[in-house]
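Keep in mind the model is a prediction, meaning the values are calculated, not measured.
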Amino acid sequence: MTQIRVRFAPSPTGMFHIGSARTALFNWLYARHCNGVFILRIEDTDRDRNTDEALKLILHCLTWLGLNWDEGPEAGGAYGPYFQSQRGQIYAEHVEQLKAAGRAYEKDGAVWFRVSGQPQEIHDQIRGKVVRLEPKDFVIVRSNGSPGFHFVNVVDDLTMSVTHVIRGEDHLSNTSKHIELFKALDAPIPRYAHIPLILKHHGPGKMSKRDEGFLVADYERRLFLPEALRNYICLLGWSPKDEQEVMDIDEIIERFDFPGINKDGARFDERKLSFINAEYLRKLPVKLLSEAARPVLEQKLDLSHVETAYFHSVLDLCQEKLRSIDDIYAYLGYFFEEDFSYGEQAGRKLRSTGDPCARIRELWSSLAELPDFSDETAVEGTVKRLAAENDRYTGEYIHSARYALSGMNAGPSFYGLLRVLGRDRTCVRFDRFLKLSERKEAG
RNA sequence: GUCCCGUUCGUCUAGCCAGGCCCAGGACACAGGGUUUUCAUCCCUGCAACAGGGGUUCAAAUCCCCUACGGGACGCCA
């Protein structure tokens, strides 16, 4: 059985976007599913528009998404070079072959391909049989000497022994050109699979430069987990056909195949991506979460004196409720700074329904009985007993204390908060809150 | 304009090839309720779709035709 060989062939002319990522991903998935080879080929025939920066971005984004390539830039391989700008000799030979066969001719300084006039059958793995007549001759070598896209694409697929061409549906109409070229070169035709396009979330047309969320690099900057973005993109145009959505990549690889790919375009929905990102965040081992969180927090805080054990216990406590790494400071920054600010709105609401300072004084005198706060059950018992003795809701104590300790009315479980903060920090924060409140009343 | 592809809840989709199990299932989002007397977790409930019209059939989301709508391609761009 011949080995499956697929390729992703971007041109380094601009930004690396979600659509490119999805094409790369589907090629990569198919290669991994079949134990085949995933080739990265750089289509840099347009001399004026190529930039080195764009190339670096492509390599970086693919790596970030975990889409490793078996052959291509930095990886090497037996079918190189993998830059079209370095394959001039190969193209020249194939132009000669076409000319010798009477299928290419010169006109206006360019080389043109002579179409057959016969409708071509495209046996698409996703769409079935598509028939299209290529109506007119087209340029394969420009008058400036550089070979054109359709020609180099075919010659490379041929000389790199590509078995399956998986690409966007925008190329479906071009495929009749490509099949004509393969036939004229007396070469076998690869199997085609045209995947649906990603449409913009609002309004008509496919996703484009002007759309929010278009660039892969933006998701990296906004600290989305690459595994989450990858999982979400898998679900855009492909379905495992059951109710699984959040899946390990190995499971996706095992289940990915052409019959699971849809025919119509899909709209990108960042809300669902955020949901999946949060799912991944919750499943992340605490050690990895800590590594991801640290640099983000360090932009706002000095963590040099924070003990590792404390740092981990904070993240462990808060992990189940985190929605993104990006807003991690807002959610749990107060654990690491004593001069955190108190939210105005939450404070107003609290004072309107009771006397937080009085509750905190009562709570502290009860908690003073405990040697420490490590036993959440014991702390909970103490708080509930206190509430019962004073004929109050437990919530009055909890809400007041949470606000005094964090400045917020949202956060992890209260008893977990006390356990992680510990007796000493709790004492310090209660004191600070009481002093600030007295000053506020006096002034 | 010509050619090609498509059309199930607001969004992603299951079901369609092999018609009955579908007055259409799941997920996100949204709304309501509950738990943890916090909340951004979690649980429950609700809302909401077969583009339209003709056939074929005892029976159509599923097969056929037409229309409408959406997308794409028609470059010496890739």
>> Can you give me the closest heavy-atom contact between A:Pro356 and A:Leu350, atom names plus distance?
In response: CB-CD2, 3.9 Å
> On a whole-Å scale, what distance lies between the C1' atoms belonging to B:C66 and B:C47?
Replying inline: 35 Å
> Whom does B:G6 pair with, Watson-Crick or G-U wobble, provided both distances fall under 3.5 Å?
Replying inline: B:C69
> Who pairs with A:Pro10 by side chain to side chain contact (heavy atoms under 4.5 Å, CB included), at least two apart in sequence or on another chain?
Replying inline: A:Phe8, A:Leu40, A:Ile42, A:Ile58
> Tell me: CD1 of A:Ile261 to P of B:U13, nearest whole Å?
Replying inline: 12 Å
> Applying a 3.5 Å limit to both distances, which nucleotide forms a Watson-Crick or G-U wobble pair with B:C39?
Replying inline: none
>> For a quick test of reading the model, state the closest non-hydrogen atom pair linking A:Asp242 to A:Gln244 and the distance between them.
In response: OD1-N, 2.9 Å
> Taking atom NZ of A:Lys241 as the centre, does the number of heavy atoms from other residues, nucleotides or ligands within less than 6.0 Å exceed 12?
Replying inline: yes
>> Rounding to an integer number of angstrom, what distance separates B:U8 and B:A51 when you compare their P atoms?
In response: 6 Å
> A:Val111 and A:Ala104: which non-hydrogen atoms are nearest, and at how many Å?
Replying inline: CG1-CB, 4.0 Å
> Below 4.0 angstrom from OP1 or OP2 of B:C5, is there any side-chain N or O of A:Lys263?
Replying inline: no
> Which whole-number value in Å describes the distance from A:Lys129 NZ to B:C17 C1'?
Replying inline: 16 Å
>> Can you pull out every salt bridge (Lys or Arg N to Asp or Glu O under 4.0 Å) where at least one residue sits in residues 324-335 of chain A? Sequence neighbours excluded, please.
In response: none
>> What I want to check is whether the side chains of A:Arg142 and A:Ser146 have a donor and an acceptor closer together than 3.5 Å.
In response: yes
Heteroatom pairs (N/O) under 3.5 angstrom, protein to nucleotides 45-47 of chain B:
none

> Of all the choices, B:G25, B:G6, B:U41, which nucleotide is nearest to the side chain of A:Arg282 once you look at every atom?
Replying inline: B:U41
> B:C12 C1' sits how many Å from A:Trp238 CH2, rounded?
Replying inline: 13 Å
> Do you know which two heavy atoms are closest between A:Ala193 and A:Gln125, and how far apart they sit?
Replying inline: CB-CB, 4.0 Å
>> I want to confirm an ordering. Mapping A:Ala410 and A:Glu243 to their closest nucleotides on RNA chain B, which one lands closer to the 5' end?
In response: A:Glu243
> For every nucleotide of nucleotides 69-78 of chain B, 5' to 3': is a protein heavy atom under 4.0 Å from its base (B), only from its sugar-phosphate (S), or from neither (-)?
Replying inline: --SBSSSBBB
> Does the side chain of A:Asn262 get closer than 4.0 angstrom to OP1 or OP2 of B:A14 through an N or O atom?
Replying inline: yes
> Does any non-hydrogen side-chain atom of A:Tyr342 lie less than 4.5 Å from one of A:Arg432?
Replying inline: yes
> Can you tell if the side chain of A:Val155 reaches within under 4.5 Å of the side chain of A:Phe182, non-hydrogen atoms only?
Replying inline: no
>> Would you measure the distance from the C1' atom in B:U13 across to the matching atom in B:C22 and give it in whole Å?
In response: 16 Å
>> Under 3.5 Å for both donor-acceptor distances, Watson-Crick or wobble: does B:G19 have a partner, and if so which one?
In response: none
>> Rounded to whole Å, how long is the line connecting atom CD1 of A:Ile198 with atom P of B:U13?
In response: 10 Å
> So, A:Arg7 and A:Asn153: side-chain donor and acceptor under 3.5 Å apart, yes or no?
Replying inline: yes
>> Among A:Phe258, A:Phe256, A:Trp238, exactly one meets ring-ring contact (aromatic ring centres under 6.0 Å, His included) together with A:Phe26. Which residue is that?
In response: A:Phe256
Distances under 3.5 Å between nitrogen or oxygen atoms of protein and nucleotides 30-33 of chain B:
none

> Just how far, in rounded Å, is C1' of B:A40 from CG of A:Asp326?
Replying inline: 15 Å
> Taking a pair as Watson-Crick or G-U wobble with both distances under 3.5 Å, which nucleotide is matched to B:A31?
Replying inline: B:U45
> How far apart are the closest heavy atoms of A:Pro412 and A:Tyr331, and which atoms are they?
Replying inline: N-OH, 3.8 Å
> Given the C1' atoms of B:C9 and B:C23, what is the spacing between them in whole Å?
Replying inline: 15 Å
> Across all strands, who's sitting opposite B:G1 as a Watson-Crick or G-U wobble pair, both distances under 3.5 Å?
Replying inline: B:C74
>> Suppose you measure atom P in B:C63 against the same atom in B:C21; what distance do you get, rounded to whole Å?
In response: 15 Å
>> Of the listed nucleotides (B:C5, B:C12, B:U41), which one gets closest to any side-chain atom of A:Arg323?
In response: B:U41
List every contact pair, protein side and nucleotides 35-37 of chain B side both N or O, where the distance is under 3.5 Å.
| from | atom 1 | to | atom 2 | distance (Å) |
| --- | --- | --- | --- | --- |
| B:U37 | O2' | A:His399 | NE2 | 3.2 |
| B:U37 | O4 | A:Thr394 | N | 2.7 |
| B:U37 | O4 | A:Thr394 | OG1 | 3.1 |

>> What's the gap between B:A49 and B:C39 when it is taken at their P atoms, as a whole Å value?
In response: 33 Å
> Roughly how many Å is it from CG in A:Leu273 to C1' in B:A27, rounded to a whole number?
Replying inline: 14 Å
>> Distance check, C1' atoms only: B:C5 and B:G46, in whole angstrom units.
In response: 38 Å
> Donor-acceptor pair under 3.5 Å: do we get one between A:Lys272's side chain and the base of B:A29?
Replying inline: no
> With both distances kept under 3.5 Å, what pairs with B:A24, Watson-Crick or G-U wobble?
Replying inline: none
>> Between A:Gln120 and A:Ser176, do the side chains contain a donor N or O and an acceptor N or O under 3.5 Å apart?
In response: no
>> Using heavy-atom distances to pick each residue's nearest nucleotide on RNA chain B, tell me which of A:Gly265 and A:Val131 is more 5'.
In response: A:Val131
> On a whole-Å scale, what distance lies between the C1' atoms belonging to B:C4 and B:A40?
Replying inline: 47 Å
> For A:Phe275 and B:A29, what is the distance between atoms CZ and C1' respectively, to the nearest whole Å?
Replying inline: 11 Å
>> Which heavy atom of A:Lys136 sits nearest to which heavy atom of A:Val115, and what is that distance?
In response: O-CG1, 3.4 Å
> Can the ring centres of A:Tyr397 and A:Phe414 be said to be less than 6.0 Å apart?
Replying inline: no
> Across all strands shown, which nucleotide pairs with B:A14 by Watson-Crick or G-U wobble geometry, both distances under 3.5 Å?
Replying inline: none
>> Of the options B:A14, B:C12, B:C5, whose atoms approach the side-chain atoms of A:Ala266 most closely?
In response: B:C12
>> Just to verify, which of A:Glu169, A:Arg167, A:His171 counts as forming a side-chain hydrogen bond (donor to acceptor under 3.5 Å, both in side chains) with A:His194?
In response: A:Arg167
> Starting at CD of A:Gln319 and ending at C1' of B:C39, how long is that distance when rounded to a whole Å?
Replying inline: 17 Å
